[in-house]
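Written out below as structure tokens is the structure these notes cover.
So you know, we letter chains A, B, ... as the sequences are listed, proteins then strands, and number each from 1. Everything numeric in this text was worked out from a predicted model, so none of it was measured.
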Amino acid sequence: MLQEGEFPMTARSKLKQALSEGKPGSECLVKGWVRSVRTGKGVCFIQLNDGSSLAGLQVVAEPDLVNFAEVCGLGTGAAIAVTGLLQESPAAGQALELRAAQVEVVGGADESYPMQKKRHSFEFLRTIAHLRLRSNTFGAVFRVRSSLAQEVHRFFAERGFLYVHTPIITANDCEGAGELFRVTTLDLAKPPLLNGAVDFSQDFFSRATGLTVSGQLEGELFAQAFSDIYTFGPTFRAENSNTARHAAEFWMIEPEMAFADLNDDADLAESFFKRLCSHALNNCAEDIQFFNTQIDKGLIERIEAVASASFARMEYGEAIERLKKAPVSFQFPVEWGLDLQSEHERYLTEQVVGGPVFILNYPKEIKAFYMRQNDDGKTVAAMDLLVPKVGEIIGGSQREERLDRLTARMQETGVDPESLSWYLDSRRWGTTPHAGFGLGFERLIMYLTGMENIRDVIPFPRTPRHAEF
RNA sequence: UCCCCAAUAGCUCAGUCGGUAGAGCGGGUGACUGUUAAUCACCAUGUCCCUGGUUCGAGUCCGGGUUGGGGAGCCA
């Protein structure tokens with residue numbers, strides 16, 4: 001029995017380690033947050049969690065503790081440090097438990113703590129995004145998110161891809177991929193004017209700047225020097241999008257390969273996506289199992305199917321024919337030249353193919369200026385990866401590497417070649433066929449967890465009207 | 001931005017025909033030698049989203065607004 005104030009020299013164990021490697025009879029020091037307290041007349045049980053795993057550790061406190069009354073009165077949310085001996089649990093529910101020899105209340109929590117030991121709605125938890133992290137679901141979400149981010153880097157590192165940090169502040173609006181957030185140090189109350197318009201030549205960068213909507217253009221330049229590269233960073237879109245799949249700030253993964261065509265691009269996307277599915281199943285098993293039971297009953301089955309599938313590849317033209325023959329009525333029209341709607345994408349991947357499918361070579365009119373023009377004069381070498389339940393999850397293309405074709409296309413689509421002269425330089429000297437794609441990281445996490453709202457897979461979501469926390 | 005739906009206790013919700021508000025959970029107190037989101041007993045808790053209107057009387061009906069959710073578009 002330890003005296004009050006005396007702590008053993010034991011090093012702190014994370015609960016994940018204590019639960020998997022701890023031996024009955026061994027001394028243990030753990031620190032974490034109280035999830036629930038159950039008190040009896042002569043015994044008190046504390047469910048403790050420190051974020052290292054979904055499972056917590058049951059701490060058993062008995063009246064021989066000097067501060068037994070204080071321990072019995074602990075509230076949900078309190079931070080404590082516990083020393084004691086691990087022992088086999090006599091009751092069902094856990095193999096090991098910690099018989100407390102000393103409990104230090106590090107940070108108390110009174111009854112006003114908003115998280116209760118009951119189920120809360122995700123809507124309510126979003127209003128306490130700073131505390132929801134201590135719940136089972138969000139603990140699992142952010143462990144999976146962290147593990148997948150590390151696996152993304154591992155995947156590309158193994159293949160010799162260079163990781164490049166492209167700029168966050170940019171002066172070009174890329175492909176016109178979205179509305180730009182303005183970055184300025186001008187006095188918004190009285191900005192300098194020139195002929196009635198704001199004079200950005202007096203701004204910090206001597207030009208109008210904003211937050212990046214894509215690192216692709218800079219990524220292409222790096223591919224023309226390092227062959228295979230990828231970016232993985234924050235991306236910003238000032239669109240007034242109010243959906244479960246859009247955020248104003250999100251993280252995007254964008255690989256780019258020189259000396260590569262559309263098939264190479266699809267090959268990379270396929271092995272990349274399958275690898276991430278396998279990783280989630282094999283390395284986040286406890287959390288994925290939780291999602292499968294609590295959030296989305298078919299989750300594991302769906303991920304396993306994708307991880308072992310051979311992805312189908314279908315021409316855009318064939319997709320249109322299949323949709324026209326479909327024995328269902330769509331809300332939106334199906335016609336060669338029109339873009340595929342969500343309902344069409346879902347039908348193709350769920351009903352026609354029954355698994356992941358690449359749609360290849362879209363009409364040039366509905367795609368960006370930088371995509372490579374095919375010999376038919378009508379289509380460009382674009383690809384979208386569609387997966388069941390979600391629809392489009394990856395979008396990519398082979399890039400137009402021929403200077404004359406590229407500048408012609410820019411002029412047709414109203415992009416000033418002069419403003420992207422540095423980009424065009426990559427086509428002037430040593431140009432190569434090259435290709436790449438973009439994967440929205442949050443959408444990947446949604447896919448792998450079954451969570452249905454992007455606001456619930458990003459720590460502190462930024463959406464229209466929301467930038468608190 | 002467009003369409004639809006919703007807003008009542010800390011949370012999740014019920015509230016009939018318009019007649020001055022309820023349950024479960026959570027919280028507090030007590031009981032209980034081992035619980036598993038413990039159990040049992042008792043106790044407390046309301047800007048019925050805001051605003052204008054109809055009415056003797058509005059949580060309830062009508063108009064306007066705010067916020068949230070679902071769907072669509074934009075896309076990742």
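- In this structure, A:Y163 has its ring center at least 6.0 angstrom away from the ring center of A:F232.
- Side-chain N/O atoms of A:R465 include one lying less than 4.0 angstrom from OP1 or OP2 on B:G68.
- Across all strands shown, B:A14 has no partner, as no Watson-Crick or G-U wobble contact with both distances under 3.5 Å is found.
- With hydrogens and angles disregarded, no donor-acceptor distance shorter than 3.5 Å links the side chain of A:E104 to the backbone of A:V82.
- A donor-acceptor contact under 3.5 Å links the side chain of A:Q58 to the base of B:U35.
- B:G69 and B:U8 have their P atoms separated by 14 Å, given to the nearest Å.
- Taking the six-membered ring wherever Trp is involved, the centroid distance between the rings of A:F332 and A:H344 does not fall below 6.0 Å.
- Side-chain atoms of A:Y423 and A:E218 form no donor-acceptor pair, as typed in the model, at a separation below 3.5 Å.
- With both ends at atom C1', the span from B:G52 to B:U66 equals 15 Å, rounded to whole Å.
- Considering only side-chain atoms of A:E111, the nucleotide from B:G27, B:U35, B:U1 that sits closest is B:G27.
- If you take atom P in B:G24 and the same atom in B:A31, they sit 23 Å apart, rounded to whole Å.
- You'll find a donor-acceptor pair under 3.5 Å spanning the side chain of A:E97 and the base of B:G34, going by distance alone.
- Regarding the sugar-base torsion, B:U66 falls in the anti class, its angle being beyond 90° of 0.
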Working for side chain to side chain contact (heavy atoms under 4.5 Å, CB included), residues A:M252 and A:F441: CA-CA 5 Å; A:M252 189 153 62; A:F441 188 54; over 6 Å; no

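- Dashed line: the shortest gap from a side-chain N or O of A:S342 to OP1 or OP2 of B:G73 is under 4.0 Å.
- Between A:N240 and B:G73, a side-chain N or O to OP1/OP2 separation shorter than 4.0 Å is absent.
- If you check B:C2 for Watson-Crick or wobble pairing at under 3.5 angstrom, you find it paired to B:G71.
- When the side-chain nitrogen and oxygen atoms of A:R126 are compared with OP1 and OP2 of B:G69, one or more of them lie within a distance under 4.0 Å.
- Pair check for B:A9 finds none; no Watson-Crick or G-U wobble contact set falls under 3.5 Å.
- The side chain of A:R455 has B:G69 as its nearest neighbour among B:G28, B:A72, B:G69.
- With B:G34, B:G70, B:C11 as the choices, the nucleotide that has an atom nearest any side-chain atom of A:H120 turns out to be B:C11.
- In this structure, A:E400 does not pair ionically with A:R409, as no charged nitrogen and carboxylate oxygen lie closer than 4.0 Å.
- Nucleic acid contact class of A:Q331 (heavy atoms, under 4.0 Å, all strands): none.
- Across all strands shown, B:G28 is found opposite B:C42 as a Watson-Crick or G-U wobble partner, with both distances under 3.5 Å.
- Nearest-nucleotide mapping onto RNA chain B: of A:R99 and A:E345, the residue sitting toward the 5' end is A:R99.
- Contact annotation: A:S241 side-chain N/O to B:C75 OP1/OP2 distance is not under 4.0 Å.
- Across B:C42 and B:C5, the matching P atoms stand 43 Å from one another, rounded to whole Å.
- Distances shorter than 4.0 Å separate some side-chain N or O of A:R245 from OP1 or OP2 on B:A72.
- Distance noted for atom C1' between B:G59 and B:U16: 13 Å (whole Å).
- Contact between the side-chain N/O atoms of A:Q341 and the OP1/OP2 oxygens of B:G73 is found at a separation under 4.0 Å.
- Looking only at distances, a side-chain donor or acceptor of A:T349 sits under 3.5 Å from a matching main-chain atom of A:G355.
- Contact of A:Q116 with B:G10 (side chain to base): a donor-acceptor pair of N or O atoms is detected under 3.5 Å.
- Between B:G26 and B:G70, the distance separating the two P atoms is 27 Å to the nearest Å.
- Using atom C1' as the reference point in both B:C32 and B:U20, the two lie 42 Å apart (nearest Å).
- Distance check on atom C1': B:G71 versus B:A14 gives 27 Å, rounded to whole Å.
- The base of B:U12 does not come close enough to the side chain of A:E123 for any donor and acceptor atom to sit less than 3.5 Å apart.
- Mapping A:T39 and A:E442 onto RNA chain B by nearest heavy atom places A:T39 at the nucleotide closer to the 5' end.
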